[in-house]
Amino acid sequence: MQSLRIDFHSHSTYSDGVLTPTALIERASRNRVTMLALTDHDEVGGLPEAAAAAREAGIGFVPGVEVSVTWAGRTVHVVGLGIDPHNPSLDRGLTGIRISRGLRAVQIAQQLGAAGIPDCLAGASRLAGDAAVIGRGHFARLLVEQGHAADTKAAFKKYLAPGKCGYVAHRWVSFEQAIGWIGDAGGHAVLAHPDRYRLAPLQIHALLDEFKQHGGRALEIGGGLRANPQPLLRLAKHFGFSLSAGSDFHAAAKGTADLGDIPPIPDGARGLWQDWEALRSAA
Ligand code: AMP
Ligand code: MN
Ligand code: MN
Ligand code: MN
């Protein structure tokens, strides 16, 4: 039997990834991923193409989305898995976020212009293409292209991270809204990359408490937790969360996880996909 190699967090050209949904599935297939979720930022437009390519490649496909949330003044991300992309409630919610994303892009370009880097909106729009709404990742690529930074990581550090000249504090949506829309669309809410929020223990507890109260179901484990997954596992156990697993793949780049490049789920932890199997067999 082929062993399970899942990846429930990835991006395509429909948000800030560099591969089309078809190329993403092809890469997943080459990497021997057996089940992939496409989870573009606030956007579900790439799901039909990805689903068709996955059928062709013979790999399992989970329709997903990564929703931008503001919690206690910080940005956190909620991945919705197993969603119906046509659900009207989810569609309305995501449309609203994309509108606010577009307005933020104008502000980012204005601020970069004031810092002496003109015409960034046109450049970022070109890189985003027709399919995607502009994110900071597109500005980062533009800044690299123009020689302002050596790579996208450096562009974030110098221009786009909080406190830098191209950063715009933005109000996304609440946990209640994001998890509510995901639930309306029949999906399950996963807290994306919990290791990246740099919160003190008390704040992590407060965040997880609220995530749980609103129906959050799982915490995501990814490449960043390979060395020491234990604290996350303890939190999952304490709050009764299952685990999801995702690489958050955007592009092949040194120092970032490739598709399927995920630490093994330790014994005793419960995978979200096991919940689905249980739900399916109970139905
Ligand atoms: P946005 O939702 O447009 O604010 O962009 C968030 C995205 O920017 C994340 O999903 C990552 O793809 C990327 N990102 C955020 N911080 C960094 C960083 N420090 N280095 C590289 N990419 C980053
Ligand atoms: Mn991204
Ligand atoms: Mn994210
Ligand atoms: Mn992501």
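Basis for what follows: all heavy atoms, side chains included, without hydrogens, waters or symmetry-related copies. This chain uses plain numbering: 1 for the first residue, then up along the sequence.
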| Any chance the side chains of Gln177 and His214 put a donor and an acceptor closer than 3.5 Å? | no
| said: Enumerate the side-chain hydrogen bond (donor to acceptor under 3.5 Å, both in side chains) contacts for residues 17-28, please, sequence neighbours excluded, ordered by first and then second residue. | reply: Thr22-Glu49, Arg27-Asp258
| query | Crowded around Glu56 CD? As in, over 12 foreign heavy atoms under 6.0 Å? | reply | no
| query | Mind checking whether Trp276 and His188 have side chains closer than 4.5 Å, heavy atoms only? | reply | yes
| request: Check whether any side-chain heavy atom of Val79 sits under 4.5 Å from a side-chain heavy atom of Ser244, and report yes or no. | output: no
Under 3.5 Å, side-chain donor or acceptor atoms of residues 104-117 against the rest of the protein: list the pairs with distances, not counting sequence neighbours.
{"from": "Gln111", "atom 1": "NE2", "to": "Cys165", "atom 2": "O", "distance (Å)": "2.9"}
{"from": "Gln111", "atom 1": "NE2", "to": "Tyr167", "atom 2": "O", "distance (Å)": "3.0"}

| request: To the nearest 0.5 angstrom, please state how far the CD1 atom of Ile25 sits from the CG atom of Leu19. | output: 10.5 Å
| message | Per the salt bridge (Lys or Arg N to Asp or Glu O under 4.0 Å) rule, what does the pair list look like for residues 82-95, sequence neighbours excluded? | response | none
| Quick check: does any side chain N or O of Gln274 sit under 3.5 Å from a backbone N or O of Gly271, one acting as donor and the other as acceptor? | yes
| task | Would you mind reporting whether Val190 and Leu81 have side-chain heavy atoms less than 4.5 Å apart? | result | yes
| Spacing of Asp209 atom CG and Ile204 atom CD1 [to the nearest 0.5 Å] | 13.0 Å
| Residue pair Leu143 / Leu160, side-chain heavy-atom distance below 4.5 Å | yes
| Gap between atom CG of Leu103 and atom CD1 of Ile134 - 0.5 Å precision | 11.0 Å
| field | Smallest separation among heavy atoms of Ala257 and Phe249, with atom names | value | O-CD1, 3.5 Å
| remark: In terms of heavy-atom contacts, Ala150 and Ala154 come closest through N-CB, 4.2 Å
| note | By side chain to side chain donor-acceptor pair (under 3.5 Å), His205 pairs with (sequence neighbours left out) none
| request: Determine the minimum heavy-atom distance between Val44 and Gly64, stating which atoms define it. | output: CG1-O, 4.4 Å
| Criterion side chain to side chain contact (heavy atoms under 4.5 Å, CB included) on Leu4 and Met35, from CA distance to verdict | CA-CA 8 Å; Leu4 201 60; Met35 217 195 300; 4.1 Å; yes
| query | Less than 4.5 Å apart, any side-chain heavy atom of Phe8 and any of Thr39? | reply | no
| Going only through I, L, V, M, F, W and Y residues with side-chain contacts under 4.5 Å, is there a path from Val133 to Leu142? | no
| query | When the ring planes of His170 and Trp172 are compared, do they come out parallel, tilted or perpendicular, using 30° and 60° as the limits? | reply | perpendicular
| Within-4.5 Å side-chain heavy-atom neighbours: Leu243 and Ile265 | yes
| Atom OG1 in Thr34, atom CZ in Arg5: separation rounded to 0.5 Å? | 8.5 Å
| query | When you check the gap from the basic side-chain N to the acidic O, do Asp275 and Arg217 get nearer than 4.0 Å? | reply | yes
| request: Write down the atom of Ala251, the atom of Val18, and the distance for their closest heavy-atom approach. | output: CB-CG2, 3.4 Å
| For His138, what residues pass the side chain to side chain donor-acceptor pair (under 3.5 Å) criterion, not counting sequence neighbours? | none
| Are Leu259 and Ile262 grouped together when hydrophobic residues (ILVMFWY) are joined by side-chain heavy atoms under 4.5 angstrom apart? | no
| Test item: Asn87 side-chain N/O and Ser89 main-chain N/O as donor-acceptor pair under 3.5 Å | yes
| Sub-3.5 Å donor-acceptor pair from the side chain of Glu210 to the main-chain atoms of Leu207, do we have one? | no
| query | Just by modelled atom types, is the His11 backbone N or O under 3.5 Å from a matching donor or acceptor in the Ser15 side chain? | reply | no
| said: Would you say the rings of Phe175 and Trp181 are close, in the sense that their centroids are separated by under 6.0 Å? | reply: no
| request: Using distance alone, with no hydrogens and no angle criterion, decide if Asp7 and Ser247 have a side-chain donor and acceptor under 3.5 Å apart. | output: yes
| Hey, is NZ on Lys153 packed in by over 12 heavy atoms from elsewhere, all under 6.0 Å? | no
| request: Could you tell me which non-hydrogen atom of Gly215 sits nearest to which non-hydrogen atom of Ile179, and how far apart they are? | output: C-CG2, 3.8 Å
| When you check the gap from the basic side-chain N to the acidic O, do Arg226 and Asp261 get nearer than 4.0 Å? | yes
| remark: Rounding to 0.5 Å, atoms CD1 (Ile221) and NE2 (His9) come to a distance of 14.5 Å
| request: Determine, using the 4.5 Å side-chain heavy-atom cutoff (strictly less than), whether Val78 and Leu219 are members of one ILVMFWY cluster. | output: yes
| request: Could you state whether Leu127 and Phe156 fall into the same hydrophobic cluster, counting links through intermediate Ile, Leu, Val, Met, Phe, Trp or Tyr residues with side-chain heavy atoms under 4.5 angstrom apart? | output: no
| query | Sequence neighbours excluded, which residues qualify as salt bridge (Lys or Arg N to Asp or Glu O under 4.0 Å) partners of Glu43? | reply | Arg98
| task | Ignoring hydrogens and angles, state whether a donor on the side chain of Glu220 or His193 is under 3.5 Å from an acceptor on the partner side chain. | result | no
| Side-chain heavy atoms of Arg74 within contact of Leu199, under 4.5 Å | yes
| query | Under 4.5 Å between side-chain heavy atoms, hopping through other hydrophobics if needed: is there a path connecting Leu191 to Val173? | reply | yes
| message | Please give me the minimum heavy-atom distance between Ala178 and Val69, naming the atom from each residue. | response | CB-CG2, 3.5 Å
| request: Check the pair Leu233, Gln230 against side chain to side chain contact (heavy atoms under 4.5 Å, CB included), reporting the backbone distance first and the verdict last. | output: CA-CA 5 Å; Leu233 297 178; Gln230 288 308 323; 3.9 Å; yes
| field | Asp16 and His250: CA distance, side-chain angles, deciding distance, side chain to side chain contact (heavy atoms under 4.5 Å, CB included) verdict | value | CA-CA 7 Å; Asp16 55 357; His250 287 73; 3.0 Å; yes
| query | Is Lys158 reaching over with its side chain to a backbone N or O of Ala149, donor-acceptor style, under 3.5 angstrom? | reply | no
| query | Given the rule in the side chain to side chain contact (heavy atoms under 4.5 Å, CB included) test, do Arg101 and Asp42 qualify, once you have shown the distances and angles that lead to the verdict? | reply | CA-CA 9 Å; Arg101 217 175 229 295; Asp42 312 311; 3.0 Å; yes
| task | Please name the residue in the list Phe241, Phe239, Trp71, Tyr197 that meets the ring-ring contact (aromatic ring centres under 6.0 Å, His included) test with Phe211. | result | Phe241
| message | Check whether Ser10 reaches the backbone of Ala37 with its side chain - one donor and one acceptor, N or O, closer than 3.5 Å. | response | yes
| request: Using a strict cut-off of less than 4.0 Å between a Lys/Arg side-chain nitrogen and an Asp/Glu carboxylate oxygen, indicate whether Asp248 and Arg196 qualify as a salt bridge. | output: yes
| task | Measure the spacing between CZ of Arg55 and CD1 of Ile59 and express it to the nearest 0.5 Å. | result | 12.5 Å
